[in-house]
Each structure stands twice: as C-alpha cells, then as structure tokens.
Amino acid sequence: MFDNQYEQQKIEKSLTLKNELKSFPYKQNSKRDTTTKEFLEKNKYLFDKEGRRNEDEKFTIAGRVKLYRVMGKASFLKIEDESGILQAYISRDNLTDGYYNIIKKLIDIGDFVEIIGYGFITQKDEITIYADNIEIITKSICTLPEKFHGITDKELRYRQRYLDLIMNEGSKNIFKTRSKIITEIRNFFNDMGCMEVETPMMHDIAGGANAKPFITHHNALGVDKYLRIAPELYLKRLIVGGFESVFEINRNFRNEGMDATHNPEFTMIEFYLAYKNYNDLMKITESLISFLLEKLNKKDIITYQEEEINMQTPFKRIKYIDSLYEIGGLDKNIINDKDAIIGALKKKDIDVNEKLSLGYIQAEAFDVFVEDKLRNPTFVTDFPVEISPLARRNDDDDSIVDRFELFIAGKEIANGFNELNDPLDQYERFKSQVDAKELGDGEAHDMDDDYVKALGFGMPPTAGEGIGIDRLVMLLTDAHSIRDVLLFPSMKPQQPTI
RNA sequence: GACCCGUUAGCUCAGUUGGUAGAGCAUCUCCCUUUUAAGGAGAGGGCCGUUGGUUCAAGCCCAACACGGGUCACCA
C-alpha cells in the first residue's frame, strides 16, 4: 500500500509538515467562513473599485488543489470546493519569513488547503484570493488523474467513483440531478397526502414480482431470508390495515443478469392508493413526470442518446393485444393463436417454451416485436391475466387485467394496476404461479398464505404502481447505462490494485 | 450465455515486417512575482492484465483464463 514512488514522495512531504513545520497534515477545526462561490459573488464589485483589490476584507476559504502553477516567487492555485472553483495567489512577499519557499514545495495537486486572504482581480480579469496565509489541512498521498483528460476508463470510474466525482463535473451533475429527482418525487407524493413507509428488505417469501431472489441467512432464527424483489405485498398489507395511501422509495434486489438497464440492486418507488383505479394512476404518472420536467427546467421535448423524445402529456395509450399488430407488425389474425405466434417467434430465432400458455407466449411476442419500438411515452394497457398474478381482472373480460406499463425510449419505466383484492381469486392465481414454476418458469411466485389471509380481512379497492427510479434518472440525465446513474454500481470483485 | 473490442508509467495514449519500451500530463532538481492545460532546462519512473505455447528472439503471433466495454440473448 502506498509504495509507488509518487506516494512515497508525498508521504515524505507529509512527514516534513508534521515534524519540521509542526503542522499536522490531517487537521480538524477548519476556520472556513466562505465558499468559493460566495467569494466570487462577494468580490465582483472589485472590477469597479480603484486598484481592483480590497485588502481590508478578509475571507477564509478551503478546498482541494486542482491546479498548481509555480512561477518562482509567486504561485497560482485553483481551489475547488463543492460550490465551485476559485483561483488563489500566493507570493513570497505576502507570506511570513520564508514560509513561501517551504510551503510551495509541500503542496501537491490533490491536497486540501485552507487560505486566509482578500479579493483582487488579476491582469486577465479573474477574481482571485490573495493569500495572507495558506495551510495544508489534508495531505493527499495518491496522485490524481491527469488534469486535462481526467479519468475516462469506465472501469476506474465505476470502481473508484470518488475519482470520477473529483475529475468529472458531468458525473457529479448526474448525481446531483438524481438526488433532486428523488427529492421531488418525495415532495410530489407528500403533497398528495401520501404517507412514506418502510417495509422489510428481508423477506421469508420473495413476492411481489417475477424475479429470482438473493438468499441470505439469519443465524439466530436459523432460517434463510430473501432480499426483497419488491415491497408490493407488504405495502398492500398496509392498505388492509387502514392506511389509504402509502409509498416507499427503496432498493429491490434481483438475482439476474446485468446490463445497461439492469443492476442487481435498483431503486423503485411503489405507491398504493385506496379508492383509486389504474386510470387515475396513469394521470398521476403523467403529472409526476411533468412535475419533474418542470423542476429540472426541462422542456416537453427531451433528448435521450441523440433521440428526441416528446414527453408532452397525455401519453399515448394502446392495448397490449393491439400493440402486437399495430406496433409489433404481427398479423392481426394470429395474435390469439398460440402456435402461430410461436412460429413468428421462431422465424426470429427466438426459443420459446411451448408448454407455456397463450398469455406467456404473447408476452414473449411483446418483448420481441413491440417493446423496443415504443419511443415516445406510451401506456400499454390490458395485460393477459397469466402474467399479472397480483392484478385485478377486467370486469368485462376476465382473461385480461386492468393494468398498464409505461414505456419510454423502448424501456419499461412504470408498471401499475388495479389491485386484486379478491382473496379467493388471489389464492387461485398463486396456485397457477406455483404450477407455472413447475413448468419451468423460474421466476413465478411462491404461495404467500399470509398475504391471502390479509386479503381475507378485506382490502378496499386499490390501485398501485411501481416506477423504476434508475431508469427514470437515466432518461432525464441522458445516461446510456444504469451504471452511470448509480454511485457504486455492482462490479465483479477484483484483486486490489493498491 | 454468445460474439466483437480493449487491458503498455499515477493518468491519457503511441508502439513499424517479431529484434534491448515511447510521448504528454503528473513527480523530482534548477530558472521564473499576474499565470490560465503557464513557460524553459535536465532527471527518475514499466510484471507491456495473468498463465502457458511458437520462435534464436514476443508488448506484437497462438491458446486458455481474468477484468472491463459494446452488441445480442435472457430478464419486467
């Protein structure tokens, strides 16, 4: 650790600071009173002032040295804090007794310094702090990446995100936007009177979605637990309990492949509203997205990966079955003919499990022929009942459910439906999920007796929805990969390189 | 899981038909008191991803593996 030549040199400097200057290289009790941004604002007036400086007004700033230019008896530094970046000027004549010649050799790019000084304007018209004193308050040991190209290696950016954040302004902005989006989503639901709740992350039965779970173990109880794949069944238990509108923003864990839109842990908001239906949810979803665009100062037309997406509401709505021929281009006459769809899939070299029922085969066809073509926001509605084990059947057609999914730029962003609250029907649906599992659907639900029992006590008519926050952030920050919107995306372990 | 691409100094990258490893930034020494990726002079810094193979000789050719990226598949 810390054994390359650069690190050794910096450790030497750190020891010099400590032993010869009696200046501990890792100080506490900073006296910073001004951020770099505030400094720049407060000293703008100097452009109009005689002499373009004011030696009487002192400021203390602190931050990381990003650039360092030594010119003999004077030096310029760029000091960065969270608010921005500020140029500092230190000169031999303004520091005490030869201190300049010592400190200038001990400062490295990457160190945190604290500077007391006053504002002045340089010959090139840059507001700068003229240092009366400078101290290294945190000595860096490791060398920062090159100042011009920064860090471009994606593996390094993901594994050492702190370096990415130090070097890449764009990356920092993505995470600021992400935080803003989550705050505003929270505000949106709070303003609706919806209550934020927390439900278990460790489940005895991995329910609420079709996915393979992570398994962990509880030693004291001697039982295996599953990291949750969705909070749905717990949130609906709360509706049974009498809360009429609840939401939860938190992580889900799914033990599946990773790619540009899938990370094993990802963030969802799920919300459940009693006495609302799935049409209400679509309207709420539209107003949420409009609200976010407004808060982010974005227009209705956004650019995602060089493609224009029209986010204007209301979003397009199309029935699932209709989308198969209207968008997917399948022959209208074959969409209820299982064998014919299988034939169409086979033409595209898609392997299908022929034992599955029509609804599953249609779902496969949707994935293959339709999903990618949904570029502008589109609600796909009225899904087959087989692939919607927790959704309420349509009153006129019991083979479909009152459910929608929202697709934008070919990706699923949201999924909502009228909640199934008939305990007997729910029991039967779980049973057919168990059957599907035996037929080879590794992601089908297990039976959840307690949940069925909860419904037995009565859940009022309810609609619920989940929105994938990461994908929404990708869309709104023009990020190509989910890893670009996760601070610490999942990566394979690697031998330590330090 | 399949295919393609990548892996060389702290970082960003060159590296010819196979013949003793290169640049810029960064670092160290020296010069330089208003610079803007500051400038000038000099120096140090390498398990060329790992392991095998071919060859008199491998950063370069071959194979396997590791990690990453991309495309597809799987997956809500």
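In what follows, every chain begins at residue 1, and chains take the letters A, B, ... in the order their sequences are listed.
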Checklist line | Basic-acidic side-chain contact under 4.0 Å: A/K73, A/D93 | finding: no
Check: Can you name the nearest heavy-atom pair linking A/R159 to A/K492, along with the distance?
Finding: NH1-O, 2.6 Å
Item checked: base_contact_polar (B/U35 base, A/T122 side chain, donor-acceptor, <3.5 Å) -> yes
Check: What do you reckon, do A/F148 and the base of B/A37 stack, with centroid distance below 5.5 Å and planes below 30°?
Finding: yes
Check: Going by distance alone, is a donor N or O of one side chain under 3.5 Å from an acceptor N or O of the other, for A/D108 and A/Y6?
Finding: no
Item checked: Taking every non-hydrogen atom, the tightest pair across A/D164 and A/S171 -> OD2-OG, 2.6 Å
Margin query: With a 3.5 Å limit on both atom pairs, tell me what B/C32 is paired to, counting Watson-Crick and G-U wobble, or say none.
Written below: none
Note to self: I'd like to know if A/E80 pairs up with A/K78 as an ion pair, taking the criterion as any Lys NZ or Arg NE/NH1/NH2 lying under 4.0 Å from an Asp or Glu carboxylate oxygen.
What the structure shows: no
Check: Distance between the C1' atoms of B/C65 and B/A26, in whole angstroms?
Finding: 34 Å
Checklist line | Side-chain donor-acceptor contact under 3.5 Å, A/E465 with A/N415 | finding: no
Note to self: Suppose you measure atom P in B/C60 against the same atom in B/A64; what distance do you get, rounded to whole Å?
What the structure shows: 16 Å
Margin query: Counting only side-chain nitrogens and oxygens, does A/T152 get under 4.0 Å of the OP1 or OP2 atom of B/C13?
Written below: yes
Check: Paired with B/C61: which nucleotide, if any, by Watson-Crick or G-U wobble criteria at under 3.5 Å for both distances?
Finding: B/G53
Next item on the list: Kindly state whether the ring of A/Y89 and the ring of A/F120 have centres lying under 6.0 angstrom apart.
Entry: yes
Next item on the list: Kindly give the heavy-atom pair with the smallest separation between A/E7 and A/C142, and that separation in Å.
Entry: OE2-SG, 3.9 Å
Next item on the list: For B/U71 and B/U51, measure between their C1' atoms and round to the nearest Å.
Entry: 29 Å
Notebook entry, point to check: In whole Å, what is the span from the CG atom of A/L67 to the P atom of B/A38?
Noted result: 5 Å
Next item on the list: Look at the side chain of A/Q87 against the base of B/U35 and say whether a donor-acceptor pair falls under 3.5 Å; ignore hydrogens and angles.
Entry: yes
Margin query: Students often get this wrong, so: under 4.0 angstrom with heavy atoms, is A/G466 touching a base, only sugar-phosphate, or nothing?
Written below: nothing
Notebook entry, point to check: Over how many whole Å does the gap from A/Q5 atom CD to B/A43 atom P extend?
Noted result: 16 Å
Note to self: Please report the distance, rounded to the nearest Å, between CG in A/L144 and C1' in B/A37.
What the structure shows: 15 Å
Note to self: Could you tell me how far B/G53 sits from B/G68 if I compare only their C1' atoms? Round to whole Å.
What the structure shows: 26 Å
Note to self: Can a side-chain donor-acceptor contact be found between A/T35 and A/D81 if the only test is distance below 3.5 angstrom?
What the structure shows: no
Next item on the list: Look through every strand shown and name the nucleotide pairing with B/C11 as Watson-Crick or G-U wobble, where both distances are under 3.5 Å.
Entry: B/G24
Item checked: Strand partner of B/C72, provided both Watson-Crick or wobble distances fall under 3.5 Å -> B/G1
Margin query: Considering every strand and a 4.0 Å limit on heavy-atom distances, what is the contact class for A/R53: base, sugar-phosphate, or nothing?
Written below: base
Check: Hey, which of these two, A/R69 or A/D153, hits RNA chain B nearer its 5' end, going by closest nucleotide?
Finding: A/D153
Check: Got a salt bridge between A/D425 and A/R429, using NZ or NE/NH1/NH2 to carboxylate O under 4.0 Å?
Finding: yes
Check: In whole Å, what is the span from the CZ atom of A/R157 to the P atom of B/U7?
Finding: 19 Å
Next item on the list: Once you apply the 3.5 Å cut-off to both distances, tell me the Watson-Crick or G-U wobble partner of B/C48, or none.
Entry: none
Next item on the list: Of all the heavy-atom pairs spanning A/R228 and A/E248, show the shortest one and how long it is.
Entry: NH1-OE2, 3.0 Å
Next item on the list: Please state whether the phosphate of B/G69, meaning OP1 or OP2, lies under 4.0 angstrom from any side-chain nitrogen or oxygen of A/R483.
Entry: yes
Margin query: If the test is ring-ring contact (aromatic ring centres under 6.0 Å, His included), which one of A/Y320, A/F417, A/Y360, A/Y278 qualifies with A/F383?
Written below: A/Y320
Every protein N/O lying under 3.5 Å from an N/O of nucleotides 31-33 of chain B:
from	atom 1	to	atom 2	distance (Å)
B/C32	N3	A/G72	N	3.0
B/C32	N4	A/G72	N	3.3
B/U33	OP2	A/K73	N	3.1
B/U33	O2	A/Y89	OH	3.1
B/U33	N3	A/D93	OD2	3.1
B/U33	O4	A/R92	NH2	3.4
B/U33	O4	A/D93	OD1	2.4
B/U33	O4	A/D93	OD2	2.2

Next item on the list: Answer with base, sugar-phosphate or nothing: what part of the nucleic acid does A/K10 contact at a heavy-atom distance below 4.0 Å?
Entry: nothing
Notebook entry, point to check: Do the side-chain N or O atoms of A/K147 get closer than 4.0 angstrom to the phosphate oxygens (OP1, OP2) of B/U12?
Noted result: no
Check: What does B/C67 pair with, Watson-Crick or G-U, if both distances are under 3.5 Å?
Finding: B/G6
Next item on the list: Could you give the distance separating B/C25 and B/A37 at their C1' atoms, to the nearest angstrom?
Entry: 8 Å
Check: Distance between the C1' atoms of B/A43 and B/A58, in whole angstroms?
Finding: 30 Å
Check: What integer distance in Å separates A/M167:CE from B/C25:C1'?
Finding: 10 Å
Notebook entry, point to check: A/E146 has an atom CD; how far is it from atom P of B/G45, in whole Å?
Noted result: 21 Å
Note to self: Taking only side-chain N and O atoms of A/K124, does any of them lie within less than 4.0 angstrom of OP1 or OP2 on B/U35?
What the structure shows: yes
Margin query: Whether A/D484 and A/R178 form a salt bridge (side-chain N of Lys/Arg under 4.0 Å from carboxylate O of Asp/Glu) is what I want to check.
Written below: no
Note to self: Taking 4.0 Å as the cut-off, does a side-chain nitrogen or oxygen of A/R159 come that near to OP1 or OP2 on B/G68?
What the structure shows: yes
Note to self: Does a side-chain N or O of A/K492 approach OP1 or OP2 of B/A66 to a distance below 4.0 Å, or not?
What the structure shows: no
Next item on the list: Could you check how far CD1 of A/I90 sits from P of B/U35, rounded to whole Å?
Entry: 16 Å
Check: Taking a pair as Watson-Crick or G-U wobble with both distances under 3.5 Å, which nucleotide is matched to B/A38?
Finding: none
Notebook entry, point to check: Distance between the C1' atoms of B/G46 and B/G59, in whole angstroms?
Noted result: 11 Å
Next item on the list: Round to a whole Å and report the spacing from CD of A/E126 to C1' of B/U36.
Entry: 7 Å
Check: Which nucleotide, B/C67, B/U35, B/G69, lies nearest any side-chain atom of A/K154?
Finding: B/G69
Next item on the list: Looking at every strand, decide which applies to A/K105 at a 4.0 Å heavy-atom threshold: base, sugar-phosphate, or nothing.
Entry: sugar-phosphate
Check: What does nucleotides 71-76 of chain B look like as a protein-contact string, B for base, S for sugar-phosphate only, - for none, at under 4.0 angstrom between heavy atoms?
Finding: S-BBBB
Item checked: Presence of A/K66 side-chain N/O under 4.0 Å of B/C25 phosphate oxygens OP1/OP2 -> no
Notebook entry, point to check: In whole Å, what separates the P atom of B/A2 from that of B/U17?
Noted result: 33 Å
